[in-house]
> 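Pasting in a structure now, in structure tokens, and then I'll have a few things to ask.
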Amino acid sequence: MLRDITLGQYYSADSSIHSIDPRVKIRFVLVYIILSLIDRNSLLFGMLTILFITVALLSRVPFICILKGTKGIFIFIAICSAINIFTTTGDALISIGGITVTTEGIIKFGFVLWRMILIILMSSMLMYTTTPSELTDGLEKCFHLSGSVAMTITIALRFISVISSELDRILKAQEARGVDFKSGGPIVRLKKLKNVVVPLFQHSIDRAANLGEAMDARCYTGGRRRTKLKPLSYDTRDFAIYLLLIAIIGLAMFLAVKF
Amino acid sequence: MINAIRGINFHAKKGDFIAVTGKNGSGKSTFARILNRLLVPIEGSVIIGGLNAMDEENIMAIRKNVGMVFQNPDDQLIGSIVAEDVAFGAENIGVDENKLWNRVIGSLETVGFENAREFAEKRINQLSGGERQKVALAGVLAMQPSCIVLDEATSMLDKKSRSDILKLLRQLNKKVGITIIMITHLMDELVYADQVYVMNQGTIAMKGRCQEIYHREEQLVDLGLEVPVQAKLARLLFQRRILDRADLFSADVVAENIKKRYPHKFYIDTAMPVERVSHRKQNPMRAIIVDNIDFSYGNNKVLENVSFSIEKGEYVALVGRTGAGKSTLLQQLPGLLKPTKGSIFVDGVDIWDKTTDLRGIRCKIGFVFQYPEQQLFAKNVYEDVVFGPRNVGVSEIEAEKRSYEAIRLVGLPEDVYDLPMDKLSGGQRRRVALAGVLAMQPDYLILDEPVAGLDPEGKREILQIIDALHKEAGITIIVVSHDVESVSQYADRVLIVGDRQVMDGGTPAEAFYTLYKKENDINMLPYTMQLLVRLREMGLDVDCFETDINGCVRQIEKTLGR
């Protein structure tokens with residue numbers, strides 16, 4: 001349930017993917033996403049799938065772990081993209097009432113789902129293999145963010161698990177006092193939600209204040225004059241991956257245009 | 001405007017180990033923040049390491065020089081990986097990048113992580129509370145401060161982690177020469193300090209060496225504090241002329257002293273007693289029965305083949321290491337978590353049977369979560385307390401009656417009903433949260449660490465309320481607690497949770513003795529038993545299963561033949 005949220009969580013392992021410079025990984029994933037959006041083409045998608053599997057194998061993050069962390073999002077996307085089944089015009093397969101299911105619709109649904117799954121899986125590989133602070137260092141450099149924006153992202157990522165376990169505790173404490181979150185109409189449910197959100201926000205604000213104080217105490221001033229434990233530096237392998245990336249773009253263009 | 005602290009004169013020199021104590025709201029945390037230049041006083045002067053703290057220019061130099069460790073490890077760790085967090089402060093002060101790794105590894109080694117290189121790569125949320133607090137301390141050490149201020153830094157830890165941290169602080173103080181200023185309301189921690197300050201209403205009420213402070217019991221109680229059991233026992237033994245001095249606060253030292261005075265009573269062939277458990281018969285229709293349950297979070301099995309029962313009218317304590325699965329186990333009882341295997345019966349009803357109304361079960365079993373005051377949400381006291389009864393659909397008059405009764409049971413005066421939460425003290429807010437659960441009129445009451453974070457007075461009040469609910473209102477109490485002393489004082493029976501199993505430990509004395517034998521750690525025992533066990537190990541034929549302080553003294557007197 002709520003505890004299973006692994007969004008943005010780092011999976012510690014000693015792999016060749018983990019040690020790649022975060023800037024390279026971020027650009028790689030960006031290109032990957034763009035490529036998966038340019039065309040619906042089974043050869044192209046096949047190539048992207050193979051690419052994902054290769055990366056996942058090299059990263060030594062167990063497949064089960066990757067799938068479990070993204071399961072919830074898949075279900076959500078499957079439901080959203082299922083709308084294609086009914087809204088695409090083409091050869092009618094079955095027709096019940098006013099709703100028609102078309103072959104084209106099913107194919108389109110398949111492609112949309114495939115595409116979204118690839119995007120999410122590859123993005124999650126970035127999160128699994130990059131520590132939040134490496135990630136923010138990378139984002140800072142790739143998108144020219146200021147140090148304090150990058151720090152905010154680091155902290156936000158770290159607090160996902162803290163806040164989600166707090167939410168879990170509040171929900172359970174109220175269930176224990178007779179609240180049934182599964183019953184009632186929308187208005188009643190909204191009211192119930194209010195009782196959860198108030199202590200959650202209060203708690204989060206208190207914790208943010210504590211954290212701010214702890215950062216002050218450790219001389220944080222917003223990034224000026226800071227040195228870095230792991231300063232970003234490219235090595236030859238990182239350049240090789242950039243070259244590989246260009247080759248992948250070329251191959252994808254070829255597949256998209258020729259087939 | 002309220003003055004949090006006023007008229008304080010305080011002087012610490014390099015290499016001192018100073019403890020500052022006082023009840024919640026006495027101003028001790030404000031004081032700590034002044035030392036680190038997180039706050040500045042309105043009047044007066046503060047000089048830290050020769051620098052004037054009133055001068056803005058000196059902020060960074062002072063913070064670099066005076067490190068600070070806070071109460072909650074989760075609120076002060078910034079990185080997701082150990083190394084990132086430990087490096088954070090050192091990065092901020094611009095330590096040379098070639099030296100950062102050495103600082104990180106060095107400080108992790110100093111706080112006692114042997115495999116520091118490997119440990120540095122761990123994720124913070126895989127660590128226990130004690131480990132996290134050590135990481136926080138390492139993060140401060142990496143900045144190479146000459147003084148460390150700790151603001152109730154051990155109050156959220158279990159006994160073992162607490163004593164680890166305290167020993168570490170003593171080591172840093174004696175060997176490395178770091179000045180330690182420790183803010184605490186855990187009275188037994190004062191023995192580590194060379195000098196103790198007691199604060200009250202923003203001023204310094206007492207000052208002296210720890211034994212002098214302990215000696216003034218009446219005054220301490222007036223200030224909302226207490227004399228720890230170590231000091232009480234030493235004084236009793238001294239009054240009975242078993243000890244020749246009253247300022248011995250460790251079981252080892254007291255036992256040595258007794259042996260020196262009565263060597264002829266100690267025999268080499270005195271054996272240690274074996275572990276024992278006294279069981280009691282139970283009536284399944286008036287009990288919670290856990291029958292062979294398993295529970296996992298994903299692939300992580302937390303409980304395996306767990307069976308036990310709790311009968312109506314008992315006061316049961318669950319003990320075990322942090323992370324042993326106590327909270328998970330408790331959440332099974334009112335059906336907040338569903339076991340992956342096995343059944344749970346409440347008064348003969350299978351709670352996961354399709355025909356069972358789970359809400360009815362939850363009315364029978366009240367659940368007070370850890371830090372329940374953080375979960376209050378209503379606009380005033382009454383509205384929060386009445387929330388539960390309204391949810392279960394009793395009439396408004398009945399809900400009102402129950403709420404007033406519950407507020408009375410937790411000892412709050414009638415004029416708090418309309419007060420908003422922010423007008424209440426921390427201890428009062430906890431009592432409101434407790435009243436909110438009592439308004440459900442439960443037969444069983446589960447409490448997860450009910451006294452965590454409270455000062456001695458707040459703790460005493462809550463424990464007395466719980467005891468009264470048990471004795472007078474006849475409510476079955478199921479409590480999780482790290483506090484060995486209060487468990488041995490109040491509980492009838494102890495369940496030991498660990499290694500995915502639950503074991504009936506018998507009486508508190510029996511259970512703690514079993515734990516001590518298993519972990520081979522004297523800290524598992526309440527202090528009275530620590531002393532008796534040490535005496536017995538040295539050859540004095542005392543009964544080790546005694547948790548009451550007077551009983552302990554009688555036991556020693558009897559064996560010494562006096």
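What you see is a predicted model, and the numbers here were worked out from it, not measured in a lab.
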> Can you establish whether the number of heavy atoms outside Arg189(A) located under 6.0 Å from its atom CZ is more than 12?
yes
> With only heavy atoms counted, which part of Arg359(B) is less than 4.5 Å from chain A, the side chain, the backbone, both or neither?
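Looking at Arg359(B), just its side chain touches chain A.
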> Using a strict threshold of under 4.0 Å (side-chain N to carboxylate O), is an ion pair present between Asp85(B) and Arg218(A)?
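Looking at Arg218(A) and Asp85(B), the cut-off is met.
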> Which atoms of Gln126(B) are under 4.5 Å from chain A, going by heavy atoms: the side chain, the backbone, both sets, or neither?
neither
> What part of Met151(A) gets closer than 4.5 Å to chain B, counting heavy atoms only: side chain, backbone, both or neither?
side chain
> Is it the side chain or the backbone of Glu175(A) that comes within 4.5 Å of chain B heavy atoms, both, or neither?
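Both parts, heavy atoms under 4.5 Å.
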> What are the two closest heavy atoms between Met440(B) and Ala176(A), and how far apart are they?
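Shortest heavy-atom contact: CE-O, 4.2 Å.
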> Looking at Arg177(A), is its backbone amide N or carbonyl O close enough to the side chain of Asn391(B) to form a donor-acceptor pair, meaning the two atoms are under 3.5 Å apart?
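Yes; at least one donor-acceptor contact below 3.5 Å.
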> Are any non-hydrogen side-chain atoms of Thr131(A) and Ser80(B) less than 4.5 angstrom apart?
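Answer no - side chains too far apart.
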> Any donor and acceptor pair, going by atom type alone, linking the side chain of Gln374(B) with main-chain N or O of Pro199(A) inside 3.5 Å?
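Looks like no, no N/O pair under 3.5 Å.
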> Would you mind checking which part of Leu376(B) comes under 4.5 Å of any heavy atom in chain A, side chain (CB onward), backbone (N, CA, C, O), both or neither?
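For Leu376(B), backbone heavy atoms alone lie under 4.5 Å from chain A.
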> Please state whether the side chain, the backbone, both or neither of Asn72(B) comes within less than 4.5 Å of a heavy atom of chain A.
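Interface part for Asn72(B): side chain.
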> Examine whether an atom of Ile155(A) lies under 4.5 Å from a heavy atom of chain B, and if so say whether it belongs to the side chain, the backbone or both; otherwise answer neither.
side chain
> For the residue pair Trp101(B) and Leu229(A), what are the closest heavy atoms and their distance?
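That would be NE1-O, 3.5 Å.
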